[in-house]
Amino acid sequence: MNRKDLQNLTELRLKEAKVLLDQGFYDGAYYLLGYAVECALKSCIAKQFREYDFPDKKLVLDSHTHELSKLLSVSGLKSEFEKQIRISPELDSNWAIVKDWSEQIRYQCGINKIKANDFYNAVTEKVTGILSWLKNWW
């Protein structure tokens with residue numbers, strides 16, 4: 001899987017989540033939105049790897065996680081993100097909504113419409129959404 005594959009998966013998971021959200025399947029929408037963010041972060045990480053270079057083992061191992069906060073750190077964008085949230089409190093608010101997502105949500109039910117919509121907006125908002133910001137770096 002390469003960077004472009006991860007970008008395509010980001011867009012696909014986003015579209016799938018929107019269909020589920022519009023049909024009232026909030027648990028699935030929430031779950032897939034988290035994966036869209038994860039794929040976008042992993043695309044940013046993949047950008048660090050150069051063809052024919054031997055990758056840093058710690059970077060590779062740390063990349064194999066679903067923890068969005070850890071992936072932000074591994075991406076090398078954490079300090080840039082911290083600068084941006086000082087300028088844009090809305091981005092910070094959106095990250096607060098998104099950062100605690102876990103793939104373990106697949107075993108849970110009960111995401112309501114408000115929480116799913118808030119998550120969707122935090123991810124997709126055109127200027128201060130998490131994906132909007134990440135796309136500047138992937």
Side-chain angles (χ1 to χ4, degrees):
M1 180 166 295
N2 62 35
R3 208 171 118 227
K4 189 67 178 164
D5 294 334
L6 289 161
Q7 292 168 359
N8 289 336
L9 275 173
T10 298
E11 297 299 334
L12 178 60
R13 295 299 171 251
L14 188 60
K15 288 175 187 174
E16 292 169 338
K18 180 65 172 145
V19 169
L20 290 172
L21 188 65
D22 290 347
Q23 294 299 311
F25 295 101
Y26 307 121
D27 296 307
Y30 186 92
Y31 177 63
L32 289 177
L33 284 165
Y35 270 117
V37 174
E38 179 181 325
C39 289
L41 283 162
K42 287 183 175 181
S43 175
C44 294
I45 294 166
K47 191 174 182 180
Q48 297 177 50
F49 296 102
R50 301 288 177 234
E51 188 175 19
Y52 308 117
D53 283 355
F54 195 76
D56 176 73
K57 182 179 180 179
K58 182 169 177 17
L59 180 63
V60 171
L61 293 175
D62 287 348
S63 299
H64 287 268
T65 184
H66 299 285
E67 293 177 49
L68 301 181
S69 293
K70 187 172 185 178
L71 289 171
L72 180 63
S73 294
V74 175
S75 73
L77 296 173
K78 189 170 183 176
S79 64
E80 195 63 43
F81 186 77
E82 288 170 349
K83 282 185 216 171
Q84 189 62 39
I85 61 175
R86 285 193 287 275
I87 298 166
S88 174
E90 296 87 3
L91 182 64
D92 191 27
S93 295
N94 287 336
W95 181 246
I97 292 169
V98 171
K99 71 178 176 64
D100 293 326
W101 174 88
S102 167
E103 84 285 1
Q104 295 301 313
I105 196 74
R106 69 182 177 253
Y107 299 117
Q108 299 171 18
C109 294
I111 300 293
N112 63 36
K113 181 179 182 176
I114 293 169
K115 185 171 182 169
N117 279 316
D118 287 349
F119 199 88
Y120 180 81
N121 292 331
V123 170
T124 63
E125 205 286 321
K126 291 197 184 303
V127 176
T128 60
I130 300 306
L131 284 182
S132 299
W133 188 82
L134 286 172
K135 287 179 180 182
N136 293 315
W137 305 99
W138 73 1

Counting only heavy atoms not in Leu61, do more than 12 sit closer than 6.0 Å to its CG atom? yes

Do Leu77 and Trp133 come within less than 4.5 Å of each other through their side chains, counting heavy atoms only? yes

Tell me, do Met1 and Leu6 make a side-chain contact under 4.5 Å, heavy atoms counted? yes

Minimal heavy-atom distance between Leu14 and Ala36, with the atoms involved, is N-CB, 4.2 Å

Would you mind reporting whether Arg13 and Glu16 have side-chain heavy atoms less than 4.5 Å apart? yes

Does any N or O in the side chain of Gln48 come within less than 3.5 Å of the main-chain N or O of Val74, such that one atom is a donor and the other an acceptor? yes

Side chain Ser132, main chain Thr128, donor-acceptor under 3.5 Å: no

Hey, does Ile111 have a side-chain heavy atom less than 4.5 Å from the side chain of Ile105? yes

Non-hydrogen side-chain atoms of Ile85 and Phe81 separated by less than 4.5 Å: yes

Would Leu12 end up clustered with Leu20 when hydrophobic side chains under 4.5 Å apart are linked, directly or stepwise? no

I'd like to know if the side chain of Gln7 and the backbone of Trp138 have a donor-acceptor N/O pair within less than 3.5 Å. yes

Glu67 side chain vs Ser69 backbone, donor-acceptor pair below 3.5 Å: no

How about Ser75 and Leu72: do any of their side-chain heavy atoms sit closer than 4.5 Å? yes

Without swapping roles, check the side chain of Lys42 against the backbone of Thr65 for a donor-acceptor pair under 3.5 Å. yes

Under 4.5 Å between side-chain heavy atoms, hopping through other hydrophobics if needed: is there a path connecting Leu33 to Val19? no

Which heavy atom in Leu131 sits nearest to a heavy atom in Ala40, and how many Å separate them? CD2-CB, 3.5 Å

What is the ring orientation for Tyr31 with Trp101, classed by angle as parallel under 30°, tilted 30 to 60°, or perpendicular over 60°? tilted

I need the minimum non-hydrogen distance between Phe49 and Pro55, along with the two atoms involved. CE2-CB, 3.4 Å

Student check: side-chain heavy atoms of Tyr26 and Asn112 closer than 4.5 Å: no

For Pro89 versus Ile87, what's the shortest heavy-atom pair and its separation? CD-O, 3.4 Å

Is there side-chain contact between Lys18 and Tyr120, with heavy atoms separated by less than 4.5 Å? yes

